[in-house]
Chemist: 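One structure, as structure tokens, below. Some questions next.
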Amino acid sequence: MSNPVKIEPLSWQQETTGFLRLIDQTRLPTELVEIDCRSVEQVWTAIKRLSVRGAPAIGVAAAYGVCIGAAETTRQSVDQAKQQAHAAADYLATSRPTAVNLFWALDRMRQVIDRDGFDQTDAFLEALLAEARAIHQQDRDTCHAIGRNGAPLIAAAKNVLTHCNAGALATAEYGTALAVIYSAHDSGQSLHVFADETRPLLQGARLTAWELQQHGVPVTVICDSMAACVMKEGRVDAVIVGADRIAANGDACNKIGTYGLSVLAKHHNIPFYVAAPCSTFDLTLASGDLIPIEQRADYEISEAFGKRTVPEGVDVYNPAFDVAPAELITAIITDRGVIDPVDEANVRRVVQDAS
Ligand SMILES: CSC[C@H]1O[C@H](OP(=O)(O)O)[C@H](O)[C@@H]1O
């Protein structure tokens with residue numbers, strides 16, 4: 001496909017008193033619907049219900065959510081606008097606990113809020129929007145850098161397996177894990193992708209397969225339980241996934257099912273790559289078992305396909321993420337280069353240089 005459709009899950013409309021426009025990812029792949037978020041509550045809800053999702057995309061959306069919150073009351077003083085902006089950041093921080101990019105982006109916005117010297121409210125609102133736009137553009141650039149850095153690692157691969165959606169829909173554009181696939185594909189490499197459907201919310205079947213189809217990359221959706229079989233059959237040359245938070249020791253937290261894939265890849269001697277921007281590292285956490293794992297609602301499992309699939313009264317366990325230990329990760333592909341996850345000193349050096 002010569003000119004694939006560019007997928008951007010979110011955009012800011014108008015100026016400092018504008019609004020956030022999102023692709024509602026809960027409606028894909030059958031409906032491409034955009035929703036406008038004109039209040040902080042609407043941004044919070046969009047993140048919570050996964051209308052916008054994926055660590056980097058959540059961070060960008062929250063940054064714009066702070067801009068919306070700051071401007072909610074018209075003709076206010078700078079101090080009032082600052083109070084509203086802080087309140088918006090505090091509220092948005094409660095939307096989802098695992099993706100560290102949410103908190104990284106909100107911290108960036110708080111640094112602007114706490115700056116002195118704004119003598120006019122408009123100047124403050126303009127500075128906030130400029131920071132949100134900078135975060136947005138930085139993620140675009142980061143994703144393309146990840147693609148460039150990762151493509152050589154899969155140059156000899158013909159079949160790659162991925163899990164969940166770490167594509168354009170999870171970022172500002174282009175993706176992280178899928179950026180590596182897009183970069184290899186766009187350079188002329190013949191590549192096929194196995195996309196785990198990724199229960200319970202099916203980000204792989206609904207979103208990754210849709211993205212890859214739009215980009216002209218051959219893709220086969222498989223049930224999560226089939227990953228072992230296709231690996232055993234010798235049909236997977238590499239596994240590449242995204243991440244929501246990476247601890248200082250290289251443990252990588254990602255969509256539930258990722259840990260199992262890392263064990264399977266090790267057993268079958270298949271390279272297991274994690275692709276993530278440096279903003280997804282949390283050097284304050286020594287290891288992955290300290291990463292907060294989001295527990296989501298029972299109905300996401302018990303009411304699949306429009307009908308109840310679990311008997312009333314039966315317990316359901318629905319952790320949204322798990323952690324691949326550093327020793328099972330072949331390499332972490334970042335915007336600053338490829339990292340050996342078990343080399344903590346190098347992890348810290350690369351990530352701190354990026355900040
Ligand atoms: C590029 S980060 C993508 C990452 O986020 C996804 O989680 P969710 O769909 O719940 O936001 C999943 O873990 C992806 O790998």
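Ligands are counted one by one from 1 in listed order, and the atoms in each one are counted from 1 as well. Just so it is clear, the model here is predicted, and its values are computed rather than measured. For the numbers below, each heavy atom of this structure counts, side chains included, while hydrogens, waters and symmetry mates do not.
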Chemist: In terms of hydrophobic clusters joined by side-chain contacts under 4.5 Å, are L128 and V43 together?
Modeler: yes
Chemist: Which of the numbered atoms in ligand 1 are below 4.0 angstrom from a heavy atom of G54?
Modeler: 3 (C), 5 (O), 11 (O)
Chemist: Does ligand 1 have any atom sitting under 4.0 Å from a heavy atom of N254?
Modeler: yes
Chemist: Within ligand 1, which atoms have a heavy atom of P56 less than 4.0 Å away?
Modeler: 1 (C), 2 (S)
Chemist: Within a distance under 4.0 Å of any heavy atom of T176, pick out the atoms of ligand 1 and give their elements.
Modeler: 1 (C)
Chemist: Taking D282 for the side chain and A247 for the main chain, is one N or O donor matched with an acceptor at less than 3.5 Å?
Modeler: no
Chemist: Are R336 and T334 close enough that a side-chain donor and a side-chain acceptor fall under 3.5 Å?
Modeler: no
Chemist: Could you check atom 12 (C) of ligand 1 against the protein and tell me its nearest heavy-atom contact, residue, atom and distance included?
Modeler: C164 SG, 3.4 Å
Chemist: Taking only heavy atoms of A55, which atoms of ligand 1 are found under 4.0 Å from at least one of them?
Modeler: 2 (S), 5 (O)
Chemist: Just checking, any donor-acceptor pair under 3.5 angstrom between side chains of S39 and W44?
Modeler: no
Chemist: Please report the closest heavy-atom contact between F118 and V78, naming both atoms and the distance.
Modeler: O-CG2, 3.6 Å
Chemist: If you measure only the distance, is there a donor-acceptor pair under 3.5 Å linking the side chains of E211 and N165?
Modeler: yes
Chemist: Among all protein non-hydrogen atoms, which one is nearest to atom 6 (C) of ligand 1, and what is the separation to 0.1 Å?
Modeler: R53 NH2, 3.7 Å
Chemist: Polar-atom distance check: A170 versus ligand 1, any N or O pair below 3.5 Å?
Modeler: no
Chemist: Can you see whether F321 has K255 sitting over its ring - NZ or CZ less than 6.0 Å from the centre and within 45° of the normal?
Modeler: yes
Chemist: Looking at Q203, which atoms of ligand 1 are within less than 4.0 Å of one of its heavy atoms?
Modeler: 8 (P), 9 (O), 10 (O)
Chemist: Report yes or no: does N165 have a heavy atom closer than 4.0 Å to ligand 1?
Modeler: yes
Chemist: Numbering the atoms of ligand 1 from 1, which are under 4.0 Å from a heavy atom of A243?
Modeler: 2 (S)
Chemist: Flag D244 as yes when one of its N or O atoms lies below 3.5 Å from any N or O atom of ligand 1, and as no otherwise.
Modeler: yes
Chemist: Give a yes/no verdict on whether any heavy atom in R96 is under 4.0 Å from an atom of ligand 1.
Modeler: yes
Chemist: Look at ligand 1 and say whether A320 reaches it with a heavy atom at a distance under 4.0 Å.
Modeler: no
Chemist: I'd like to know if the side chain of Q295 pairs up with that of Y317 as donor and acceptor (distance under 3.5 Å, no hydrogens or angles considered).
Modeler: no
Chemist: Would you call A177 a ligand 1 contact, heavy-atom distance under 4.0 Å?
Modeler: no
Chemist: Is the closest basic N to carboxylate O distance between K82 and D79 below 4.0 Å?
Modeler: no
Chemist: Looking just at side-chain N and O atoms, do E173 and H144 make a donor-acceptor pair shorter than 3.5 Å?
Modeler: yes
